[in-house]
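What follows is one structure encoded as structure tokens, with my remarks underneath.
Computed from a predicted model, the values in this text were never measured in an experiment. Heavy-atom basis, side chains included; hydrogens, waters and symmetry copies ignored.
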Amino acid sequence: MSLLEGVKVIDFSKWLPGQYCGMILGDYGADITKIEDLSGDATRRFFPEKQEGMSFWHLMVNRNKKGVALDIKKPGGREILLKLLSDADVFLEGFRPGYLARYGLDYETLHAINPRLVYCSITGFGQNCHKPAHDMNVVGLAGMTSLDDVGSACTGEVQVSAVGSGVNAVAAISMALFARERTGKGQHLDVNLYATAMSMQVTAAASVWGCKETGDKPFGRVAHYYNIYKTKDGRFMTVGTIEPKFWQRFCDLIGCPDLEKRQYDFAHKEEITARVSAKMLEKTQAEWLEIIGKAEFCVTPVCTLDEALASELTAQEEMIFEADSDLGKIKYVGAPVKFSDEEVNLRFRAPKLGEHTEEILHSLGYSNEKINELRTEGSI
């Protein structure tokens, strides 16, 4: 029996935070029904597509979900969703605050119908703000794009606040389901990208507040012993030698033994950083890796994503797997947490738009005649 087998989740999210949350829940065995409007999620058509309407993005994050397409603006479509929610364990939605209330799908209404329902809302800024936002906006507002100590804006490929919110939603849903075992009642969960991003700033905030109190200059994230250095071939190495023993080994490696006792010489950090930078530029990344060999002291290469996907570490953690499907072979990044008594398996690929609508409606007691009627009126 899978960890979450029997947990019924209605996933009405349209973007990465909810899609990622549903993916994780589905990976660990939850019964996920993905609801889309009749035009489908925009992410279905994100470049590149394996097949029209079946982007590689969609195939990755909507695996292990069954798909239903309906129009909640139509009474018939709304009735279907309400029937699905009447005995669901979790409702996952990613609309702006107030939108679903127009159609009687707000928490208060659904709680009255199904008191055990855990209702998880993922928004940009919480239930009191109606502004739209994506990860790029949020990390900028949360002070996360000024990471180089001189205020230059930067960003990366990982949508930090979006994926982080998906992880927070998984944790919150799990805790709410656990609490329900004691109380018998579900509750509303308010997960938002901005709060997620700010919560990730715990150590940075501690530094800022502490320095204001002591009068020191904020340390920032980088120092001569904790930085990224360029190599002769234009590649990079990460140096994370926080522990003195690691810093000392690194100084010996680059031929600067006189720097061993100057790890915390912040008064001359620019000079020390310049010396380390010059030394690192003397050899290529491959040459540094050969010199390091199997030594362990937190000096590692900056990998491309292709290199990371093909690395020994990734293989060791069994993070990549490939599965056959009617669309051909599909590669997946696997679930991140391993349980000693459970296996995580791909049960089925992401759904085509509305692929399981009839199957789900039959399970709800709809006849073929009623299904045809719903299709004719545009509810499904």
Side-chain angles (χ1 to χ4, degrees), residues 4 7-26 30-44 57-58 61-111 113-114 116-124 126-127 130 132 134 162 165-166 168-170 172-173 176-177 186-193 350-357 359-361 363-364 374 378-380:
L4 296 176
V7 175
K8 184 176 179 181
V9 179
I10 307 302
D11 180 356
F12 199 9
S13 61
K14 300 171 71 69
W15 298 99
L16 181 57
Q19 292 172 342
Y20 186 89
C21 172
M23 179 193 81
I24 296 296
L25 295 173
D31 175 12
I32 314 286
T33 300
K34 177 170 178 56
I35 307 297
E36 297 177 77
D37 59 36
L38 300 186
S39 60
D41 292 351
T43 54
R44 282 183 170 278
W57 170 306
H58 172 71
V61 298
N62 289 311
R63 65 197 191 216
N64 289 329
K65 303 177 186 179
K66 291 190 174 182
V68 172
L70 51 81
D71 184 354
I72 63 166
K73 297 177 182 178
K74 299 283 179 65
R78 192 157 57 249
E79 179 187 79
I80 293 168
L81 185 51
L82 285 169
K83 283 189 175 184
L84 287 168
L85 290 167
S86 66
D87 67 346
D89 296 294
V90 179
F91 183 38
L92 179 60
E93 62 94 1
F95 294 90
R96 282 198 248 174
Y99 177 79
L100 291 179
R102 303 177 199 173
Y103 306 104
L105 295 167
D106 53 292
Y107 171 68
E108 289 74 16
T109 300
L110 294 181
H111 181 71
I113 297 170
N114 179 2
R116 291 176 56 80
L117 182 69
V118 173
Y119 188 119
C120 183
S121 301
I122 306 180
T123 61
Q127 293 302 297
H130 293 258
H134 288 293
S165 291
N168 279 347
V170 170
I173 288 167
L177 289 173
Q187 55 189 297
H188 184 225
L189 311 177
D190 176 7
V191 179
N192 71 80
L193 276 66
K352 296 179 180 179
L353 181 59
E355 182 173 351
H356 304 96
T357 301
E359 174 189 327
I360 299 294
L361 291 186
S363 73
L364 293 174
L374 289 167
S379 292
I380 61 172

Got a second to check how far [X]'s [atom1] is from [Y]'s [atom2], nearest 0.5 Å?
X: Leu117; Y: Gln187; atom1: CG; atom2: CD; result: 11.0 Å
X: Leu361; Y: Leu374; atom1: CG; atom2: CG; result: 6.5 Å
X: His188; Y: Tyr119; atom1: NE2; atom2: OH; result: 5.5 Å
X: Glu93; Y: Ile35; atom1: CD; atom2: CD1; result: 13.0 Å
X: Lys34; Y: Asn62; atom1: NZ; atom2: CG; result: 4.5 Å
X: Thr109; Y: Leu85; atom1: OG1; atom2: CG; result: 11.5 Å

With a 3.5 Å distance limit and no angle check, can you tell me whether [X] reaches the backbone of [Y] through a side-chain donor-acceptor pair?
X: His356; Y: Val68; answer: no
X: Thr357; Y: Ala69; answer: yes
X: Glu355; Y: Lys352; answer: yes
X: Glu36; Y: Asp41; answer: yes

Are [X] and [Y] packed together at the side-chain level, in the sense that at least one heavy-atom pair is separated by less than 4.5 angstrom?
X: Leu81; Y: Tyr103; value: no
X: Asp190; Y: Ser121; value: no
X: Val118; Y: Leu189; value: yes
X: Pro97; Y: His130; value: yes
X: Ile380; Y: Leu70; value: yes
X: Phe91; Y: Leu100; value: yes
X: His58; Y: Pro351; value: yes

Kindly indicate, with the supporting measurements, whether the criterion side-chain contact (heavy atoms from CB on, under 4.5 Å) is fulfilled by Gln19 and Trp57. CA-CA 10 Å; Gln19 292 172 342; Trp57 170 306; 2.9 Å; yes
Dump the intermediate steps for side-chain contact (heavy atoms from CB on, under 4.5 Å) on Ile72 and Ile80, then the final yes or no. CA-CA 9 Å; Ile72 63 166; Ile80 293 168; over 6 Å; no
Could you go step by step and tell me if Leu105 and Leu82 meet the side-chain contact (heavy atoms from CB on, under 4.5 Å) rule? CA-CA 8 Å; Leu105 295 167; Leu82 285 169; 3.7 Å; yes
Is there a side-chain contact (heavy atoms from CB on, under 4.5 Å) between Asp87 and Lys8? Walk through the geometry before answering. CA-CA 8 Å; Asp87 67 346; Lys8 184 176 179 181; 2.7 Å; yes
Minimum heavy-atom separation for [X] and [Y], please, with both atom names.
X: Ser165; Y: Val191; result: O-CG1, 3.6 Å
X: Gly186; Y: Tyr107; result: O-OH, 3.6 Å
X: Leu25; Y: Ile173; result: CD1-CD1, 4.0 Å
X: Ala88; Y: Asn114; result: O-ND2, 2.9 Å
X: Ala169; Y: Ile122; result: CB-CD1, 3.8 Å
X: Ala30; Y: Val9; result: CB-CG2, 4.1 Å

Does Lys14 come within less than 4.0 Å of Asp37, counting only side-chain N to carboxylate O? yes
